[in-house]
*Asks:* 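Below is the structure I would like to discuss, written out as structure tokens.
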Amino acid sequence: MRDKSDRPTDDAVEASIARVLVAEAAALDTVARARDEAAAIAERAREEARRIELRTERRLRAVRAAFAASVAAQVASLEAQTAAMDAAHELTTEEIADVERAVRATASALTGGRS
């Protein structure tokens, strides 16, 4: 049988319960602060993601605009080259002589030299 002196006193029990309650309150406070801190970190991350998205959109718009300008310039250049090629070209005397020689050579080749 146990001796009454082995049992904790009511004051010791009350003190132990008070320590547990204080520790529990501290733990709950720590958890609440951690939740608040995690929410703040998440919000900062969302804000940073929004900033990155906006910056990326601006950059993409700039790249698209530069690409469109480049393509427009290239198309204009090709159209100018096409117009220049379509323009009537007066043959020089030398070019006419070259064409006549080519015609005679072709005729000679086709007829076996009998023209």
Side-chain angles (χ1 to χ4, degrees):
M1 208 155 144
R2 279 192 152 182
D3 185 351
K4 269 187 161 186
S5 64
D6 288 345
R7 291 180 61 196
T9 64
D10 286 343
D11 290 341
V13 170
E14 292 289 330
S16 292
I17 291 172
R19 281 194 306 275
V20 167
L21 291 175
V22 168
E24 180 183 24
L28 290 173
D29 186 50
T30 299
V31 168
R33 281 195 316 272
R35 269 195 201 110
D36 291 345
E37 187 177 329
I41 290 169
E43 183 55 32
R44 285 192 303 272
R46 282 189 289 275
E47 288 172 9
E48 180 63 17
R50 283 189 289 272
R51 280 193 296 275
I52 290 169
E53 178 185 17
L54 291 174
R55 186 172 59 240
T56 301
E57 280 300 317
R58 280 193 307 272
R59 287 178 177 177
L60 284 174
R61 279 193 302 274
V63 167
R64 286 181 189 128
F67 178 76
S70 173
V71 167
Q74 291 175 18
V75 167
S77 173
L78 290 171
E79 287 173 345
Q81 290 173 23
T82 301
M85 288 178 188
D86 287 345
H89 174 70
E90 294 294 325
L91 296 177
T92 64
T93 305
E94 186 177 315
E95 290 171 328
I96 292 171
D98 288 344
V99 169
E100 288 174 349
R101 277 192 295 280
V103 168
R104 281 193 298 279
T106 301
S108 177
L110 290 174
T111 60
R114 301 179 307 263
S115 53

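Residue numbers start at 1 and run along the sequence shown.
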*Asks:* List the residues meeting side-chain contact (heavy atoms from CB on, under 4.5 Å) with Val99, not counting sequence neighbours, and say none if there are none.
*Replies:* Val103
*Asks:* Running the 4.5 Å side-chain criterion over Ile, Leu, Val, Met, Phe, Trp and Tyr, what cluster does Val31 land in, apart from itself?
*Replies:* none
*Asks:* The criterion is side-chain contact (heavy atoms from CB on, under 4.5 Å); which residues satisfy it with Thr9, sequence neighbours excluded?
*Replies:* Asp11, Ala12
*Asks:* Could you give all pairs that pass the side-chain hydrogen bond (donor to acceptor under 3.5 Å, both in side chains) test and reach residues 53-78, with sequence neighbours left out?
*Replies:* Ser70-Gln74, Ser77-Gln81
*Asks:* How would you list, by chain and number, every residue that makes a salt bridge (Lys or Arg N to Asp or Glu O under 4.0 Å) with Asp29, sequence neighbours excluded?
*Replies:* Arg33
*Asks:* List in chain and number order the residues that pass side-chain contact (heavy atoms from CB on, under 4.5 Å) with Val75, two or more places apart in sequence or in another chain; answer none if no residue qualifies.
*Replies:* Val71, Glu79
*Asks:* By the salt bridge (charged side-chain N to carboxylate O under 4.0 Å, His left out) test, which pairs, at least two apart or in different chains, include something from residues 86-100?
*Replies:* Asp98-Arg101
*Asks:* Please check: side-chain N/O of Thr30 versus main-chain N/O of Ala26, any donor-acceptor pairing under 3.5 Å?
*Replies:* yes
*Asks:* For Arg44, is there an ion pair with Glu37 - N to carboxylate O distance below 4.0 angstrom?
*Replies:* no
*Asks:* With ILVMFWY side chains joined below 4.5 Å, transitively, what does Leu78's cluster contain besides itself?
*Replies:* none
*Asks:* Which hydrophobic side chains are connected to Val63, either touching it within the sub-4.5 Å cutoff or through other members that do?
*Replies:* none
*Asks:* List, by chain and number, the other hydrophobic cluster members for Ile96, where Ile, Leu, Val, Met, Phe, Trp and Tyr join if side-chain heavy atoms come within less than 4.5 Å, directly or indirectly.
*Replies:* Leu91
*Asks:* In chain order, what residues pass the side-chain contact (heavy atoms from CB on, under 4.5 Å) check against Leu21, with sequence neighbours excluded?
*Replies:* Ile17, Glu24
*Asks:* Mind checking salt bridge (Lys or Arg N to Asp or Glu O under 4.0 Å) for Glu48 and listing every partner two or more places apart, or none if nothing turns up?
*Replies:* Arg51
